[in-house]
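For reference, the structure is listed below as structure tokens.
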Protein chains: 2
Amino acid sequence: MIGAMPEVPSDTAPKERRKRLPSGERRREFIAQAIEFFAENGFESSTRDLAKRLGVTQPLLYRYFPSKDDLIAEVYSAVYVKRWKPEWEVLLADRTRPLADRLRQFYREYTEVVFTRDWMRIFLFAGLKGVDINIRYMGLVRSRILDPIVAEARAEAGLVDANGPAESDFAWLIHGGIFYNGVRRVVYGEADATDVGAMIDNAVEAMLTGLEKMRAGEPAPKVRSL
Amino acid sequence: MIGAMPEVPSDTAPKERRKRLPSGERRREFIAQAIEFFAENGFESSTRDLAKRLGVTQPLLYRYFPSKDDLIAEVYSAVYVKRWKPEWEVLLADRTRPLADRLRQFYREYTEVVFTRDWMRIFLFAGLKGVDINIRYMGLVRSRILDPIVAEARAEAGLVDANGPAESDFAWLIHGGIFYNGVRRVVYGEADATDVGAMIDNAVEAMLTGLEKMRAGEPAPKVRSL
DNA sequence: CAATCATGTTATCGATCGATAAATGACGGC
DNA sequence: GCCGTCATTTATCGATCGATAACATGATTG
């Protein structure tokens with residue numbers, strides 16, 4: 001049946017009839033499309049629908065991935081690991097600039113990655129599925145982002161000792177507020193009109209003033225760096 | 001087969017062998033258990049597993065609900081509608097008390113409802129499923145909670161005109177931060193150790209000071225109420 | 001041009017899904 | 001104590017799921 005009617009074989013088009021891609025290229029295409037597919041429809045969607053979207057047959061997926069779960073693991077890796085920018089940690093630690101500047105730039109870059117439909121939805125799907133990768137990711141956010149922010153804020157105020165747990169919690173509060181703004185935008189389709197940059201500016205200011213107030217009850221700094 | 005071995009009919013126990021509950025009572029039990037079941041396993045879980053948890057057979061569900069989607073709709077209603085407390089709106093508008101007090105009490109009561117495993121997970125599952133009920137719920141939060149908060153803050157400062165969109169956005173930021181704290185607690189199992197009350201107190205203070213700063217650039221109030 | 005091998009498809013299995021029809025059995029009214 | 005009503009179970013249907021085996025085909029190489 002299929003193939004009997006050649007459905008207008010456009011000679012100009014790349015003639016991408018239906019076959020023969022090199023292994024690596026095909027695999028990359030599978031993962032890239034699987035990200036969007038699972039982000040949109042959830043991980044419980046069928047491999048047949050994914051194959052249909054890819055324009056191949058379903059068993060072909062199993063030539064590239066041993067099981068559906070292995071494909072999903074590749075999706076996780078592509079989204080979580082490969083979109084994390086190590087330069088963020090460098091940026092946050094750059095004491096030649098005021099911390100407020102660094103935070104504004106960081107959250108602009110961070111939201112550019114995270115405030116996307118596939119990142120957000122895959123994060124939420126994975127979280128509800130109970131996979132450990134989300135917990136590890138939040139550990140990364142704490143250790144590489146939030147704790148450094150608190151430390152930088154203390155350093156800018158002339159304090160050198162360790163962070164208190166309350167400060168870390170407050171940084172989580174603002175960070176979570178920013179993140180949830182992305183959830184509202186991307187998952188619920190709200191807040192499109194409002195400006196991300198303005199939201200970030202207000203959030204950064206609230207974070208810094210909140211951290212400052214939180215340090216008010218502490219003893220005066222013994223060493224002033226500047 | 002079943003019934004041939006009475007599997008130790010404990011005479012002391014309520015002898016809940018396997019049958020005959022009045023219709024209304026059975027229906028309520030189904031919905032109550034379906035909330036926990038779907039919250040834990042997602043809405044794509046099978047009706048057979050739900051029936052097993054309930055100790056009944058799967059077709060019995062279809063005598064009480066026309067379809068699985070109808071049962072899910074009942075779950076939504078039970079979680080979203082019936083756990084919303086109208087007195088929250090009264091509390092927030094009670095101008096005999098300082099706004100900070102009202103906010104601290106409100107968020108303590110609100111998180112008592114929302115920071116539960118089934119509420120949180122059903123909210124997130126429903127959001128990813130794309131059902132409109134979540135969008136309507138967030139409209140409720142804005143109109144009954146956040147906009148009133150902004151209005152109360154302006155009133156306490158002696159302003160009487162309408163809210164600006166930036167203030168509403170900032171209220172969403174802090175509210176989202178509180179909500180996301182619940183996600184971390186309930187969904188990801190983090191932050192159990194830290195105190196919810198302390199987090200709320202810091203969040204309320206940040207919200208009020210943030211709103212105050214946001215009004216700083218505006219013209220002076222023409223009418224002072226007190 | 002024929003042999004080879006990796007890519008891709010066809011066909012199909014066993015399990016599980018939501019849902020329906022028919023049989024069963026517990027309980028109250030008489 | 002029988003009887004009918006209605007809650008509940010047994011049995012089953014058609015669709016869909018992940019996965020596997022067997023077959024087909026295009027490209028490469030000698």
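Chain identifiers are assigned alphabetically (A, B, ...) following the order of the sequence lines, protein sequences preceding nucleic acid strands; residue numbering begins at 1 within each chain. Nothing here was measured: the structure is a model prediction, and the numbers come from that model.
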Could you state the atom-to-atom distance from [atom1] of [X] to [atom2] of [N] in whole Å?
X       : N      : atom1 : atom2 : answer
B:Glu25 : C:dC27 : CD    : P     : 13 Å
B:Arg26 : C:dC27 : CZ    : C1'   : 15 Å
A:Lys68 : D:dG18 : NZ    : P     : 4 Å
B:Lys52 : C:dG18 : NZ    : P     : 12 Å
A:Leu54 : C:dT9  : CG    : P     : 11 Å
A:Gln58 : C:dT12 : CD    : C1'   : 11 Å
B:Leu60 : C:dT20 : CG    : P     : 15 Å
B:Phe65 : C:dG18 : CZ    : C1'   : 15 Å

State whether B:Tyr62 places a side-chain N or O below 4.0 Å from either non-bridging phosphate oxygen (OP1 or OP2) of C:dA21.
no

Is the backbone of B:Phe43 close enough, under 3.5 Å, to the side chain of B:Lys68 for a donor and an acceptor to pair up by distance?
yes

Please tell me whether A:Arg48 and A:Thr57 have a donor and an acceptor in their side chains that are separated by less than 3.5 angstrom.
no

Checking contacts here: which listed nucleotide (C:dT7, D:dT9, D:dG18) is nearest the side-chain heavy atoms of A:Tyr64?
C:dT7

Of all the choices, D:dT10, C:dG18, C:dT7, which nucleotide is nearest to the side chain of B:Thr57 once you look at every atom?
D:dT10

Starting from the C-alpha separation in whole Å, work towards a yes-or-no answer on ring-ring contact (aromatic ring centres under 6.0 Å, His included) for A:Tyr137 and A:Tyr80.
CA-CA 8 Å; A:Tyr137 182 83; A:Tyr80 288 102; 5.5 Å; yes

Positions of residues 30-49 of chain A (non-hydrogen atom under 4.0 Å from DNA chain D), listed by number
A:Ser45, A:Ser46, A:Thr47, A:Arg48

What is the per-nucleotide protein-contact pattern of nucleotides 23-28 of chain D, from the 5' end, where B denotes a base atom under 4.0 Å from a protein heavy atom, S denotes such proximity for sugar-phosphate atoms only, and - denotes neither?
--BB--

Salt-bridge present (B:Arg28, B:Glu25; N to O < 4.0 Å)
no

Less than 4.0 angstrom from a charged side-chain N to a carboxylate O is my criterion; do B:Lys85 and B:Glu109 meet it?
no

Any chance you could lay out the ring-ring contact (aromatic ring centres under 6.0 Å, His included) test for A:His175 and A:Phe170, step after step, and finish with the verdict?
CA-CA 9 Å; A:His175 182 88; A:Phe170 188 79; over 10 Å; no

Test side-chain contact (heavy atoms from CB on, under 4.5 Å) applied to B:Arg83 and B:Asp118, step by step
CA-CA 12 Å; B:Arg83 295 191 190 176; B:Asp118 45 355; 3.3 Å; yes

For a side chain to side chain contact (heavy atoms under 4.5 Å, CB included) with B:Val114, tell me which candidate from B:Tyr107, B:Trp119, B:Phe123 qualifies.
B:Trp119

Answer yes or no on whether B:Arg184 is positioned over the face of A:Trp172, meaning its NZ or CZ is under 6.0 Å from the six-membered ring centre and within 45° of the axis.
yes

